[in-house]
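Okay, structure first, notes after.
Per chain, numbering begins at 1; letters A, B, ... match sequence-line order. Just so it is clear, the model here is predicted, and its values are computed rather than measured.
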Amino acid sequence: MSDTAEPDTLVVETVERLLADVCTPASVERAESVGWSAAVWDALANAGFPWVSVPVDAGGSGGTLTDAAAILRCVGRHAAPVPVAETGVLAGWLLAGAGIALPAGPATVVPDASAITLVDGRLTGRATVAWGRRAERIVALVANGSDWIVASCRPEQLSITLGQSLAGEPRDRVWFDVPLVATEHAPALPGTDGDALHHRGAFTRVVMTAGALSAIAQMTIDYTNERQQFGRPVATFQAVQQHLVTVAQCAVRVEMAADLATRAIARGAVGIEIAAARLIADAAIVAGTRAAHQAHGAMGVTREYPLHQLSRRLWAWRHEYGSATTWRRRLGRDVHAGGADALFPLITGWVAHDSVRP
Amino acid sequence: MIEFQCSELSIEERQLQADVREFLAAELPRGSFMPGLGMNAAKDPVFSAKLGERGWLGMALPTEYGGHERSAVDRFIVTEELLRWGAPVGHHWVADRQSGPVIAKFATEAQKRRFLPGICRGELSFCIGMSEPASGSDLASVTTRAIHDGDSWVLDGRKIWTTGADRNDWIVVLCRTSLLDEVTDKRQGLSQLIVDLRSPGVTASPIPFIDGTADFCEVTFDGVVVPGELVLGEIGSGWTQNMSELAYERGGADRWLSTYLVAEELLRNHEHGEISDDLADLLGEAVANYWLLHQLSLSVARSIDRGGAPAVESALAKEMGTRFEQDVLNAVLAFVDQAPNTATDSLFERLLITATLTAPSFTIRGGTNEILRSVAAKGLRPSSGRR
Ligand SMILES: Cc1cc2nc3c(=O)[nH]c(=O)nc-3n(C[C@H](O)[C@H](O)[C@H](O)COP(=O)(O)OP(=O)(O)OC[C@H]3O[C@@H](n4cnc5c(N)ncnc54)[C@H](O)[C@@H]3O)c2cc1C
């Protein structure tokens with residue numbers, strides 16, 4: 001195989017264990033009411049996990065993007081209410097690429113590079129930013145003619161209105177009206193443009209979706225094997241088994257899609273993978289959460305049972321970094337541009353760098 | 001638990017893929033033949049023999065019997081390319097996919113020498129003799145009966161839906177060799193016989209198929225004498241052998257490519273000029289799913305190469321793949337303004353007609369989706385801990 005990049009198992013096991021310990025359903029619930037979970041953040045941050053994939057000499061923890069993706073899967077699996085994707089894979093990536101220092105604590109990113117504009121030396125615009133209120137730096141990627149600039153702002157330079165996602169996670173409205181010179185800023189690494197950020201953001205959501213949906217699948221199997229009606233576990237009814245198979249298929253699909261997206265991002269040559277993975281994830285979220293909730297009956301719609309912590313996150317994530325419709329249309333246009341003869345090679349992942357006769 | 005692993009094709013595997021593409025473009029240029037829809041494609045022994053010459057049949061079978069000891073992944077790559085091209089795979093399809101591997105696994109030395117070289121050369125064609133009029137999903141209830149008589153077995157009964165039985169050479173028949181009241185479980189006392197379809201007492205009558213063709217048959221066995229040396233594997237082990245055969249049958253590209261050419265032709269017809277949002281949406285969704293299903297099948301093949309038995313994974317993949325074959329077709333159909341008409345020169349329209357008429361069979365043949373879901377559900381086990 002040309003690329004067998006596997007995540008560091010020690011890292012994955014450690015994160016998994018940490019989150020199993022501190023990221024309990026009760027702590028996720030508490031984080032929702034106060035907008036933060038110091039326990040979960042500290043557990044991960046003390047070991048440097050939010051900065052995995054950011055080079056050590058840039059202030060990160062080193063490691064690969066494959067490692068970071070595996071960590072994000074754990075974050076998804078445990079519904080961890082902390083900005084791990086934002087701090088390292090997104091903001092950390094932008095900052096490190098531009099040679100700007102990373103803050104010691106959480107950082108976040110303006111997800112849409114067209115939201116903030118640079119006019120007459122001022123950054124202006126409005127964006128919805130994950131964990132804006134908690135970030136030590138809010139990082140924006142801003143177009144400057146045909147170049148891109150990374151600007152790192154302190155929260156007090158911006159005006160922030162609190163908001164929440166469907167999952168009760170901080171998604172704050174942030175207004176920029178700040179002179180560029182007042183921010184830490186530098187040219188983005190060549191190749192880092194709005195589209196690269198959009199892809200990378202979508203990638204984080206796909207990977208977290210994979211984690212959350214696989215947790216939902218197991219939770220649904222477990223619940224239906226415990227719950228008894230008509231004198232037997234409901235999982236023994238064929239109609240319920242159909243739901244279990246649906247959830248399992250959804251989990252399998254999005255996990256495979258996430259793996260493929262991770263490989264593409266890690267090798268730095270993204271073809272259709274992110275768009276395709278995003279579409280697979282979207283359909284899996286719809287069908288998977290529907291089947292899981294149905295199989296749980298009323299228990300699934302109470303705040304006392306943890307299914308909602310996962311399903312609400314999935315419903316929130318599917319709208320971040322581009323809707324399914326946007327990705328689908330874009331992918332379709334690319335497919336059309338390639339033409340009918342290129343269709344199957346595209347599906348089977350013809351990669352330009354392969355040294356094979358075409 | 002269920003395991004699908006992501007992998008990429010190696011340089012050598014990519015080369016094989018490129019070789020098959022090159023071969024097909026030269027041998028069967030687009031426009032020079034009427035492509036078929038997946039495994040329903042035409043029967044063409046000359047074409048099968050050419051694949052045999054290339055070493056592209058019986059790829060994973062032992063070299064001493066004419067095979068090539070290549071991997072399941074190599075076989076997957078070749079079949080995937082053949083199917084998406086609509087190549088006439090009908091003659092060798094069952095032999096290469098399923099009869100060859102079970103013979104290699106369970107047959108006697110003499111049987112291997114007798115059948116495998118011909119399968120690898122693309123000469124011998126095989127049928128699957130499982131279903132009966134009263135035994136579909138409940139396959140273990142088959143009543144076709146073989147009675148031991150000296151060195152032979154005498155076979156009586158009826159098989160149905162047997163694809164190609166009126167034209168193929170051999171059929172592997174699942175039959176009862178012990179009476180039902182002699183066994184505690186109906187899965188016991190079953191055996192597999194390799195039967196010459198030209199034997200006296202075998203009658204294959206085509207059953208008209210929904211699209212007006214007649215590919216499958218009812219086959220009656222009336223006192224057919226089957227030599228003892230044509231018992232496949234162990235007497236009484238028919239059920240286990242048969243189940244392992246189904247694993248070969250289920251996880252492949254044939255389970256998601258049946259309507260691929262319809263989508264490709266739709267794109268070809270709209271290649272020039274602007275693309276509408278609707279068409280972009282259709283293509284985007286289709287490609288994302290093809291991309292995923294390709295990977296799931298690849299993962300099943302890799303698992304077989306690692307010595308795994310991905311029965312649950314195959315069932316899950318087939319269930320998703322066959323539904324998708326129908327979904328993509330329906331999406332294309334929703335796009336078509338003019339009612340498909342047989343008086344057409346358009347390849348797209350002709351494929352569309354066949355696809356529409358045969359699509360309901362995709363989720364039935366090879367085990368219905370309901371049965372596949374039951375198989376898959378058995379692999380979904382509760383964990384003891386919390387999440
Ligand atoms: C095109 C085509 C080619 C074929 N070729 C061959 C061949 O070459 N050789 C061969 O042996 N067979 C062949 N078959 C037969 C195929 O294997 C059977 O059709 C299939 O196994 C289903 O059996 P059945 O059609 O009798 O449906 P039935 O078993 O009668 O099923 C009817 C309905 O009931 C459902 N059902 C049945 N049992 C259950 C259950 N326990 N739980 C839930 N739902 C259930 C089924 O899913 C289906 O929806 C072919 C079929 C087709 C369509």
Side-chain angles (χ1 to χ4, degrees), chain A residues 1-4 20 77-78 215 217-219 221-222 225-226 235 238 241-242 244-245 248-249 252-253 255-257 259-260 262-263 272-273 275-280 283 306 325 327-336 339-341 343-351 354-358, chain B residues 1-2 4-11 14-15 17-19 21-22 30 77 80-81 84-85 260 263-265 267-271 275 277 279-292 294-296 299 313 316 319-320 370 372-374 376-377 379-383 385-387:
Chain A
M1 264 132 284
S2 45
D3 182 358
T4 50
R77 195 149 45 236
H78 293 273
Q218 193 60 55
M219 186 184 282
I221 293 166
D222 290 349
N225 275 282
E226 272 159 36
Q238 207 176 44
Q241 287 174 3
Q242 308 266 325
L244 299 185
V245 171
Q249 283 176 331
V252 159
R253 292 167 70 90
E255 285 190 279
M256 178 62 87
D259 281 342
L260 291 161
T262 302
R263 277 168 188 258
I272 66 169
E273 293 88 351
R278 189 57 192 72
L279 293 180
I280 296 299
T325 300
W327 283 108
R328 185 182 295 115
R329 208 156 278 177
R330 177 177 176 166
L331 176 57
R333 289 185 181 281
D334 288 349
V335 170
H336 179 254
D341 288 336
L343 181 59
F344 208 72
L346 193 71
I347 288 164
T348 49
W350 192 269
V351 196
D354 279 1
S355 57
V356 179
R357 295 195 311 272
Chain B
M1 232 8 227
I2 297 167
F4 284 95
Q5 272 183 27
C6 158
S7 74
E8 287 177 29
L9 298 185
S10 67
I11 296 289
R14 285 274 180 216
Q15 188 62 60
Q17 188 181 52
D19 291 344
R21 285 175 184 174
E22 197 182 322
R30 280 263 183 264
I77 290 167
E80 184 184 52
E81 290 300 320
R84 69 101 168 180
W85 199 256
Y260 167 75
E264 190 186 286
E265 282 308 299
L267 171 56
R268 199 180 305 285
N269 290 348
H270 290 81
E271 246 174 359
I275 177 181
D277 286 347
L279 181 57
D281 291 352
L282 186 160
L283 292 172
E285 189 67 27
V287 162
N289 280 280
Y290 281 124
W291 168 81
L292 187 86
H294 159 81
Q295 288 292 335
L296 295 180
S299 149
E313 287 79 1
L316 275 178
E319 202 278 338
M320 290 187 252
E370 290 73 19
L372 295 172
R373 284 178 167 253
S374 295
L380 304 177
R381 288 189 210 96
S383 60
R386 60 196 181 96
R387 82 159 204 255

Interatomic spacing from CZ in Arg253(A) to CG in Leu316(B) - rounded to 0.5 Å: 11.0 Å

Minimal non-hydrogen separation, Val335(A) against Leu267(B), with atom names: CG1-CD2, 4.0 Å

Test item: side-chain donor near acceptor, Gln238(A) and Ser374(B), under 3.5 Å: yes

Residue among Glu255(A), Glu226(A), Gln242(A), Gln241(A) with most heavy-atom pairs under 4.5 Å to chain B: Gln242(A)

Ala277(A) portion near chain B, given a 4.5 angstrom heavy-atom threshold: both

Pair Asp281(B) + Arg333(A): basic N to acidic O under 4.0 Å: no

Between Asp259(A), Val245(A), Thr325(A), the one whose heavy-atom pairs under 4.5 Å with chain B are most numerous: Val245(A)

Salt bridge Asp341(A)-Arg268(B), side-chain N to carboxylate O under 4.0 Å: yes

Spacing of CD1 belonging to Ile77(B) relative to OG1 belonging to Thr348(A), to within rounding of 0.5 Å: 9.5 Å

Aromatic ring proximity, centroids under 6.0 angstrom, Tyr260(B) and Phe344(A): yes

Donor-acceptor contact below 3.5 Å, side chain His336(A) vs main chain His270(B): yes

Point-to-point distance, once rounded to the nearest 0.5 Å, from CD of Glu285(B) to CG of Leu331(A): 9.0 Å

Flag, side chain of Glu271(B) to backbone of Ala340(A), donor-acceptor distance under 3.5 Å: yes

Short side-chain to backbone donor-acceptor contact, Arg329(A) and Ala280(B), under 3.5 Å: no

Engaged part of Asn289(B) at the chain A interface, taking heavy atoms whose separation is under 4.5 Å: both

Nearest heavy atoms of Leu296(B) and Val252(A), plus distance in Å: CD2-CG1, 4.0 Å

Between CD on residue Glu264(B) and CD1 on residue Ile347(A), distance to nearest 0.5 Å: 8.0 Å

From Ile280(A) atom CD1 to Trp291(B) atom CH2, the distance as rounded to the nearest 0.5 Å: 6.5 Å

Backbone N/O of Arg381(B) and side chain of Gln218(A): donor-acceptor pair under 3.5 Å: yes

Proximity breakdown for Gln5(B) and chain A, heavy-atom pairs closer than 4.5 Å: backbone

Under 4.5 Å from any heavy atom of chain A - which part of Arg84(B): side chain

Which atom of Ile272(A) lies closest to which atom of Val287(B), heavy atoms considered: CD1-CG1, 3.7 Å

Atom pair OG/CE of Ser7(B) and Met256(A) - distance to nearest 0.5 Å: 7.5 Å

